[in-house]
Amino acid sequence: MDRYEQVIELAKRRGFLWNSFELYGGTAGFYDYGPLGSTLKRRIEQIWREIYVIQEGFMEIECPTIGIEEVFIASGHVGGFSDPLCECKQCGEAFRADHLIKHIVEEADGLSNEELDSIIAQHNVKCPECGGEFGKTYEFNLMFKTQIGPGNGRKGYLRPETAQGMFVDFLRLARYYRDKLPFGATQIGKSYRNEISPRQGVIRLREFTQAEAEIFIDPRNKKHPNIQRFENTLLNLYSDEAQDMGESQIMTVKEAVSKGIIAHEFLAYQVALVNHFLQRVGISPDKLRFRQHRKDEMAHYAIDCWDAEILTERFGWVEVVGIADRTDYDLSAHANMSKTELSIYIEYEQPRMVEKFVIRPNMGKMGPVFKGKAKLIAEALKALPKEAFENDEIKVSVDGEIFIVPRDMVEFAHETIKVSGENIVPHVIEPSFGIDRIFYALLEHAYDEEVVSTKDSVEHNDEETRIVLRFKKEVSPVNVAVLPLLTRQELIEPSKEIANRLREKGLLVAYDDSGTIGRRYRRNDEIGTPYCVTIDYDTLKDGTVTIRDRDSMQQVRAEVATIEEVLYDMIYRDKKFETAGKPV
RNA sequence: GCGCCGAUGGUCUAGCGGCUAUGACUGGGGCCUUCCAAGCCCUAAACCCGGGUUCGAAUCCCGGUUGGCGCACCA
């Protein structure tokens, strides 16, 4: 069994991850999060919220998981997702069917699959790799399609990313933030991609959870006001250049910016923030790197793009976060599609006096001549370039009709006007997290097997393996296990009382009185519970309990009276275990 | 979507045409128990689905589902 299998086996057994629809045989690409899994996932998301929503101030919004067709036409997903593919029967190589016949037909992209098939057959197109014959063309679309409403209602798609919702709401968001850049919005939610062949467990899913932030910034100023926070933070960077050499480099954020390795300060801050988040939830720093997209793999509109990658035993480096400067691509695309300006008005510090060529149609003269069309013609005149007014007669076209306007019907002049600002289309910085992948990486990095001696190891010379999930305390799905040492009424009652007090404090508590104490400790090690509180007969005498530390298996005796504060502080406030009570 | 290999209680597994289907661990109940998977008793729990071959199929064949690997794909 390799590490992946061990982790998945444990996750299945203990209620972290289950195959969806198992009762009916299961379906690839879908996973259920069990009781501990959904708790762990929620705690990861909660830390993400704390960082992005509360600290950075990028408010969370919630958009539908179904989007209408226009949204995905604008975003490029409709076009970019439905490539006609066909495969060579001989070597299995897949090709874009329309590309294969480009040299035969002019407009190859508009053709149906059947038309493509017949052209391929007619012209006897063979596989460029091996000369083999092609199979049928099929549609390759990663979006789930659906119908909104009955009959011939609107076409809809399950969203392939949460990002579009935030672009579509841009004007509302800008208003909410009182038209001041930079601002950002975030969304945590499900996205859907109908993967051809999902594998690798939770690494590639058809329904998955994304946490995305869309940060709108002034394209002329990509500095970050709070960059000093991370200036000296060390990042493991696998830059375009480093990839040529095959080795990543560790350097400070400051250095990465000043050497131009990361395109600009704002992006560098985001890379550092991702680094901070991943380590806080429990990713090992030595299994984390940031890989820059190569020039040829980067989307054409992006300036710079970095993936956070996490090292896993079976899958190698797995991309878990993408951080990109998407420029004004998305806003411009939606502006075009919706015919609505998506920009922010930015006032200059000082109003500027600008020379301008002004056109003033004389409506007194034009009205009698052009009657009802006069107004439209005047509008069209205003849109003409300066050169159009050099002749005596000005040609202008309105609704396909050409009008000749005598020059003396129009006045024009160079004027100096006051301009106090301009409309700017913000650039978008997008950190996009795959929560499910982070979840898996966390399990794998937390998983540990340790050889320990058992109770009767002296007699039997026995050793056994202890499985421990070494979760960070603030993410582990159970904070504290409360265990009566023996299954006896006089111990069970005070135990339940203590458990209730811890719950009132907001801690995630598991109460367990079945089996021997050793068995219960191991059970809790396996699900990563950082502390176990055990109630014994001394508790009844002197009001103390033992607290056992998951990682060291050491125990201290602590006062029952303040037990909830002590545990809370150890879990959330970095209080040291040794200070919790007297060593046992 | 193609090729190769697999699928047996919750988990891991034995089985190789002749069952009433191994075993371990886990789970539940009990006895005993004063801190790291102790012991004893009891108990629950499985042949992925559908066809076929055969007197007889967990076992052989076909199809599907599903998992792994390779190819392709990953906007």
Side-chain angles (χ1 to χ4, degrees), chain A residues 1-2 4-6 8-15 18-30 34 72 75-83 85-96 129 132 135-143 160-161 193-201 203-204 297-302 314-315 319 322 450 452-457 459-460 462 464-468 483-488 491 514-526 532-541 545-550 552-555 557 584:
Chain A
M1 262 216 285
D2 71 356
Y4 171 81
E5 279 175 273
Q6 290 171 317
I8 291 296
E9 189 268 307
L10 172 63
K12 204 188 273 181
R13 197 156 41 79
R14 289 297 184 193
W18 298 322
N19 271 110
S20 296
F21 319 120
E22 220 177 1
L23 184 61
Y24 293 103
T27 296
F30 297 96
F72 301 115
S75 69
H77 286 101
V78 168
F81 258 14
S82 32
D83 297 334
L85 284 194
C86 70
E87 285 174 14
C88 171
K89 284 177 180 169
Q90 194 171 302
C91 68
E93 195 85 16
F95 299 91
R96 285 272 300 262
E129 287 292 316
K136 273 201 155 195
T137 299
Y138 60 91
E139 204 61 29
F140 179 74
N141 195 332
L142 258 60
M143 278 199 294
E161 58 177 25
R193 298 177 192 188
N194 202 359
E195 299 285 353
I196 296 172
S197 166
R199 285 175 195 177
Q200 309 171 325
I203 302 290
R204 169 160 286 188
E297 79 180 287
M298 197 152 44
H300 63 277
Y301 48 82
R314 183 185 279 194
F315 310 119
E319 174 197 344
E450 169 178 88
V452 291
S453 52
T454 58
K455 199 176 189 176
D456 45 14
S457 57
E459 301 143 48
H460 297 95
D462 250 3
E464 65 158 340
T465 309
R466 181 174 83 119
I467 297 175
V468 197
L483 317 168
L485 182 63
L486 302 168
T487 319
R488 290 209 171 144
L491 296 180
S514 72
T516 62
I517 190 67
R519 188 186 294 274
R520 283 176 277 161
Y521 284 150
R522 294 305 166 80
R523 263 206 285 260
N524 278 288
D525 288 340
E526 242 186 42
C532 292
V533 167
T534 303
I535 289 83
D536 59 14
Y537 282 97
D538 289 350
T539 312
L540 306 182
K541 272 186 267 165
V545 291
T546 62
I547 304 176
R548 170 193 181 265
D549 176 58
R550 174 194 69 200
S552 64
M553 303 202 289
Q554 296 298 303
Q555 285 180 298
R557 279 207 91 83
V584 175

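Order of the sequence lines fixes the chain letters, A, B, ..., with proteins taken first and strands second; residue numbering starts at 1 for each chain. Since the structure is predicted, the reported quantities are computational estimates derived from the model, not experimental observations.
- B:rU22: no Watson-Crick or G-U partner with both key distances under 3.5 Å is found in any strand.
- Taking only side-chain nitrogens and oxygens, A:Thr516 comes nearer than 4.0 Å to OP1 or OP2 of B:rA38.
- Among residues two or more places apart in sequence or in another chain, the side-chain hydrogen bond (donor to acceptor under 3.5 Å, both in side chains) test is passed with A:Thr516 by none.
- For A:Asn19, the side-chain hydrogen bond (donor to acceptor under 3.5 Å, both in side chains) criterion is met by no residue, not counting sequence neighbours.
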Between N or O atoms, less than 3.5 Å apart, protein on one side and nucleotides 6-11 of chain B on the other: list the pairs.
{"from": "B:rU11", "atom 1": "O2'", "to": "A:Glu9", "atom 2": "OE2", "distance (Å)": "2.7"}

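- Residues satisfying the side-chain contact (heavy atoms from CB on, under 4.5 Å) test with A:Ile467, not counting sequence neighbours, are A:Leu10, A:Tyr447, A:Glu449, A:Glu526.
- Scanning for side-chain hydrogen bond (donor to acceptor under 3.5 Å, both in side chains) contacts around A:Thr487 gives an empty result, with sequence neighbours left out.
- Applying the side-chain contact (heavy atoms from CB on, under 4.5 Å) test to A:Ile8 and every residue at least two apart in sequence or in another chain returns A:Tyr4, A:Leu17, A:Tyr440.
- Under the side-chain contact (heavy atoms from CB on, under 4.5 Å) criterion, A:Phe21 pairs with A:Thr27, A:Phe30, not counting sequence neighbours.
- Put simply, A:Arg14 has no side-chain N or O that comes within less than 4.0 Å of OP1 or OP2 on B:rU26.
- Every side-chain hydrogen bond (donor to acceptor under 3.5 Å, both in side chains) that A:Glu450 has, sequence neighbours left out, goes to A:Arg466, A:Arg470.
- Look at B:rG17: it lacks any Watson-Crick or wobble partner with both distances under 3.5 angstrom.
- Pair assignment for B:rG39 gives B:rC31, based on Watson-Crick or G-U wobble hydrogen-bonding distances that are each under 3.5 Å.
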Between the protein and nucleotides 63-69 of chain B, which nitrogen or oxygen pairs come in under 3.5 angstrom?
{"from": "B:rG68", "atom 1": "OP1", "to": "A:Gln200", "atom 2": "N", "distance (Å)": "3.3"}
{"from": "B:rG68", "atom 1": "OP1", "to": "A:Gly201", "atom 2": "N", "distance (Å)": "3.4"}
{"from": "B:rG68", "atom 1": "O3'", "to": "A:Arg314", "atom 2": "NH1", "distance (Å)": "3.1"}
{"from": "B:rC69", "atom 1": "N4", "to": "A:Arg199", "atom 2": "NH1", "distance (Å)": "3.2"}
{"from": "B:rC69", "atom 1": "N4", "to": "A:Arg199", "atom 2": "NH2", "distance (Å)": "3.0"}

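- Remark: B:rC4 base-pairs with B:rG68. Criterion, Watson-Crick or G-U wobble with two distances under 3.5 Å.
- Distances shorter than 4.0 Å separate none of the side-chain N or O atoms of A:Arg204 from OP1 or OP2 on B:rC74.
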